[in-house]
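Below: one structure, written as structure tokens.
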Amino acid sequence: MSLSQGMIGVLKDKIVFVTGASSGIGAACAEAFSGQGAKILMAARRIERLETLAKRLPTKCHCVQLDVTNHEQVQEVIRSLPSGWQEIDILLNNAGLSRGLDRLHEGKRQDWEEMIDTNVKGLLYITRVVVPGMLTRGGGHIINIGSTAGHEVYPGGNVYCATKHAVRALTQGLKMDLLGTPLRVSLVDPGLVETEFSVVRFHGDTERARAVYKGIQPLTPRDVAEVVLFCATRPPHVNINDVILMPIAQASATLVSRK
Ligand code: NDP
Ligand code: 8X3
């Protein structure tokens, strides 16, 4: 991945904290930032995946097993980071999931709670513990992964879309609350990206997951990582507020042109 002249080297030795780095967009972002010389702090529940990824990245990595829905664990893990890893420069709130595509009146409470706990409360817990240190140090960038589902709602998307609308509101709120400080706040909102997202949504039904991307060329995790990298490499006075990206074959959540 190449950067525009002038931006080369700006990420060297920066500490980038990527939540949900064990798969998909998070893993691609870890790789992209590492490729620019950043040190990568990675978190997810599947620590063995993080360790495998860390081994093939060119810069220093530190892996932490973390469930973002567990408030105490979030506080404990972040506050006890080893020296050299505490001064987080960029926080990428990426960990997230969808569960089911049921109509709201037929939905499962456990699915709702998992989405709300991960996508909304998890993002809040992490942000709350990381941002004060950024303020003390006088610099930092929070980049949240939202979704096109944070801009529109689709049938069966009810609770997932609500969580991503919440991510958008929280990003805007944080930007306002940090006004007058040097901290930056960005939101990246992808449409259809082929990752493990749909396998998780359909509780392991790989056939149903594959059908989501059938007949189109979806975005790749790397496509999203390039946009995240762009946000992170603007001059310090520039704040990218929100980027929406979709595959060329998609015009809205429900308007998809399949071959
Ligand atoms: P993946 O399922 O491939 O990756 C999800 C990541 O989130 C995994 O690394 C997973 O790690 C992590 N995660 C989930 N729950 C937790 C938790 N409780 N604690 C810590 N980590 C957790 O999906 P994507 O890469 O597609 O998803 C990444 C983000 O992108 C999500 O926020 C998703 O909503 C968003 N998004 C995805 C789109 C898509 O079409 N794929 C489009 C728009 C947005 P582990 O299971 O090891 O904990
Ligand atoms: C993931 C994209 O369209 O499945 O956020 O909601 S979509």
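Residue numbers start at 1 and run along the sequence shown. One-based numbering, in listed order, for ligands and for the atoms of each.
Within the 4.0 Å heavy-atom cutoff, Gly146 counts among the residues contacting ligand 1. For the pair Leu66 and ligand 1, a heavy-atom separation below 4.0 Å is found. Residue contacts with ligand 1: Pro190 is included, with a non-hydrogen atom under 4.0 Å away. Note on ligand 1: Lys164 sits in its first shell, one or more heavy atoms being nearer than 4.0 Å. Between Gly191 and ligand 1 there is a heavy-atom distance shorter than 4.0 Å.
Residue Glu196 has at least one N or O atom closer than 3.5 Å to an N or O atom of ligand 1. Polar contact check, Gly20 against ligand 1: a nitrogen or oxygen pair lies under 3.5 Å apart. For a threshold of 3.5 Å applied to N or O pairs, the pair formed by Val68 and ligand 1 contains at least one separation below that value. Between Gln250 and ligand 2, no pair of N/O atoms sits closer than 3.5 Å.
Salt-bridge check for Arg222 with Glu31: failed, with every basic side-chain N at 4.0 Å or more from each acidic carboxylate O. The pair Asp13-Lys39 fails the salt-bridge criterion, with no side-chain N (NZ, NE, NH1 or NH2) lying under 4.0 Å from an Asp/Glu carboxylate O. Taking 4.0 Å as the cut-off between side-chain N and carboxylate O, Glu51 and Lys55 do not count as a salt-bridged pair. Checked for salt-bridge contact, Glu196 and Arg46 meet the test: a charged N lies under 4.0 Å from a carboxylate O.
Closest protein heavy atom to atom 26 (O) of ligand 1: Thr195 OG1, 2.6 Å. Scanning all protein heavy atoms for the shortest distance to atom 10 (C) of ligand 1 gives Ser22 OG, 3.8 Å. Val193 O, 3.5 Å is the protein heavy atom nearest to atom 39 (C) of ligand 1. Here the protein heavy atom with the shortest distance to atom 15 (N) of ligand 1 is Arg45 NH2, 3.2 Å. The protein heavy-atom contact nearest to atom 35 (C) of ligand 1 is Ile145 CG2, 3.8 Å. The nearest heavy-atom contact from the protein to atom 18 (N) of ligand 1 is Asp67 OD1, 2.8 Å. Ranking protein heavy atoms by distance to atom 6 (O) of ligand 2, first place goes to Tyr154 OH, 2.6 Å. At the top of the distance list for atom 29 (C) of ligand 1, counting protein heavy atoms only, stands Asn94 O, 3.1 Å. Counting protein heavy atoms only, atom 34 (O) of ligand 1 is closest to Tyr160 OH, 2.7 Å.
For ligand 2 and Ala149, the ligand atoms under 4.0 Å from any heavy atom of the residue are 6 (O). The contact set between ligand 2 and Tyr160, taken as ligand atoms under 4.0 Å from a residue heavy atom, comprises 1 (C), 5 (O), 6 (O). Of all atoms in ligand 2, numbered sequentially from 1 with element shown, those under 4.0 Å from a heavy atom of Ser147 are 1 (C), 2 (C), 5 (O). For ligand 1 and Thr69, the ligand atoms under 4.0 Å from any heavy atom of the residue are 18 (N).
A 4.5 Å side-chain heavy-atom check between Asn144 and Val188 finds every atom pair outside the cut-off. At a threshold of 4.5 Å between non-hydrogen side-chain atoms, the residues Val193 and Asp223 do not count as touching.
The cluster map of Ile, Leu, Val, Met, Phe, Trp and Tyr, joined by side-chain heavy atoms under 4.5 Å apart, puts Val212 and Val224 in different clusters. Hydrophobic clustering places Val130 together with Leu174 (ILVMFWY residues linked when any side-chain heavy atoms are closer than 4.5 Å, directly or through intermediates). No continuous path of hydrophobic side-chain contacts links Ile78 to Met42 [ILVMFWY only; heavy atoms under 4.5 Å].
Annotation: cation-pi geometry not satisfied between Arg99 and Tyr160 (NZ/CZ under 6.0 angstrom from ring centroid, within 45° of ring axis).
Looking at Arg201 against ligand 2, only its side chain comes within 4.0 Å, counting heavy atoms.
A donor-acceptor contact closer than 3.5 angstrom is absent between the side chains of Asn94 and Thr19. Side-chain contact annotation: Thr118 with Thr69, donor-acceptor N/O pair under 3.5 Å absent. Counting only N and O atoms by type, the side chains of Asp242 and His151 include a donor and acceptor under 3.5 Å apart. For the residue pair Ser22 / Arg49, no side-chain donor-acceptor distance below 3.5 Å is found, with atom types taken as modelled. In summary, the side chains of Tyr213 and Ser198 do present a donor paired with an acceptor at a separation below 3.5 Å, with no hydrogens or angles considered.
For atom 25 (O) of ligand 1, the nearest non-hydrogen atom from the set Leu219, Ile25, Thr118 belongs to Ile25. Atom 27 (O) of ligand 1 has its nearest heavy-atom neighbour, among Ala149, Gly24, Gly96, in Gly96. The residue from Ser98, Ser23, Ala95 that puts a heavy atom closest to atom 13 (N) of ligand 1 is Ala95.
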